[in-house]
Amino acid sequence: MDMADQYAVIGHPVAHSKSPKIHSLFAQQTQQRLEYKAVLAPMDGFSATVRDFFLFGGLGCNVTVPFKQEAWQMAQQRSTYAEQAGAVNTLMRQADGILYGHNTDGIGLIRDLQINQQYALTNQRVLILGAGGAVRGIMQPLLETNPSEVWIANRTEATAAELVGLFERQGQVRSSGFSAIQGRFDLIINGTSASLQGDMPPIPSTCLDADTVCYDMMYGQEPTIFLKWAKQQGAERCIDGLGMLVEQAAEAFLLWRGIRPETTSVLTTLRASL
Ligand code: ATR
């Protein structure tokens with residue numbers, strides 16, 4: 001019997017990645033025959049791992065921590081999302097052999113908000129916490145939805161100011177440290193990795209009210225510290241990043257297979273397995 005089409009997620013660590021489960025659910029649902037594995041690359045061996053994967057017939061892979069910038073460098077052609085994100089989370093070998101790099105993280109976040117959560121971003125005032133790779137990855141798709149303003153607040157102010165420099169031509173963007181945040185926002189997105197250390201970014205409670213949508217790009221069995229805080233402040237809609245994870249995967253699947261899987265049932269299955 002011939003081999004199924006090969007896909008993978010490459011990272012370090014990678015054993016706990018939910019991508020193999022998500023993509024096998026997509027494959028079942030769309031009746032596509034493919035195999036999707038988790039591949040651990042040595043810290044100094046990402047490009048060799050990718051080269052081998054494609055050499056042995058791999059068609060596409062996802063890239064996760066800490067290799068998204070290296071994947072950007074390896075890609076011979078890039079989508080504008082990948083270009084602007086400075087990071088690649090999806091690689092594909094084109095028919096002409098060219099290695100194509102895309103970034104579906106930001107698209108995944110926006111689809112989760114607009115479609116799954118039915119939240120329209122147009123004219124909304126948005127606060128983003130953090131200014132690292134994860135935040136840079138969502139800036140272009142976010143600004144394409146035409147929010148009235150995007151305010152980037154970060155512990156290290158200079159990093160937030162750099163992001164403003166990169167994106168100010170695409171919309172109303174400004175930056176500050178946490179304590180200087182002013183006014184009320186329609187949407188707050190936590191894109192810091194502070195919750196991994198159990199830290200809450202020290203932001204003024206005046207930036208939200210009951211109608212402020214609060215979104216954490218992280219997820220877990222329990223609500224993140226940011227979502228717990230938001231709930232305590234009275235915010236009624238608190239959303240974690242599991243939907244973003246499933247949507248970024250669906251967008252990669254679409255690029256590779258030319259078919260968009262349905263995500264609601266996959267999200268339900270995944271939620272139950274957390
Ligand atoms: P990622 O790929 O997750 O974005 P990153 O590029 O290292 O990782 O960025 C991490 C982000 O989380 C940064 O905005 C970082 O703030 P600094 O730029 O000041 O380092 C933020 N962050 C990490 N730990 C934090 C903490 N304990 N409190 C507040 N912000 C934190």
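In this text the structure is predicted, and so the values were computed from the model without any measurement. Start at 1 and go down the list; that is how both ligands and their atoms are numbered.
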Is it the case that Glu247 and Thr263 place a side-chain donor and acceptor less than 3.5 Å from each other?
-> yes

Of all the non-hydrogen atoms in the protein, which one sits nearest to atom 27 (N) of ligand 1, and at what distance?
-> Asp199 OD2, 2.8 Å

Is the closest basic N to carboxylate O distance between Arg271 and Asp240 below 4.0 Å?
-> yes

Verify whether one side chain among Thr224 and Asp216 offers a donor that lies under 3.5 Å from an acceptor in the other.
-> yes

Is there any N or O on Gly191 that sits under 3.5 Å from an N or O of ligand 1?
-> no

Given Arg136, Arg155, Met200, which has its nearest heavy atom closest to atom 22 (N) of ligand 1?
-> Arg155

N/O separation below 3.5 Å, Ala134 to ligand 1 = yes

Is there a side-chain contact between Thr104 and Asn89, using heavy atoms and a 4.5 Å cut-off?
-> yes

Between Tyr36 and His23, the two heavy atoms sitting closest are CE1-CD2, 3.3 Å

Between Thr156 and ligand 1, is there a nitrogen or oxygen pair with a distance under 3.5 Å?
-> yes

Just heavy atoms, cut-off under 4.0 Å: does Thr192 contact ligand 1 by side chain, backbone, both, or neither?
-> both

Ring pair (Phe, Tyr, Trp, His ring centres under 6.0 Å) with Phe226: which residues, sequence neighbours excluded?
-> none

Gly130 heavy atoms, cut-off 4.0 Å: which ligand 1 atoms fall inside?
-> 14 (O)

Under-4.0 Å protein heavy-atom contact, atom 7 (O) of ligand 1 | no

Between Ile259 and Phe253, is any pair of side-chain heavy atoms under 4.5 Å apart?
-> yes

In this structure, atom 29 (C) of ligand 1 is nearest to the protein heavy atom Ala194 CB, 3.9 Å

Name the option, out of Asn154, Ile152, Leu129, Asp105, that contains the heavy atom nearest to atom 18 (O) of ligand 1.
-> Asn154

What is the closest protein heavy atom to atom 12 (O) of ligand 1, and at what distance does it sit?
-> Ser193 N, 3.1 Å

Heavy-atom side-chain proximity of Phe46 to Pro66 below 4.5 angstrom | no

Contact region, Gln197 to ligand 1, non-hydrogen atoms below 4.0 Å, reads side chain

Under 4.0 angstrom from ligand 1, any heavy atom of Pro201?
-> no

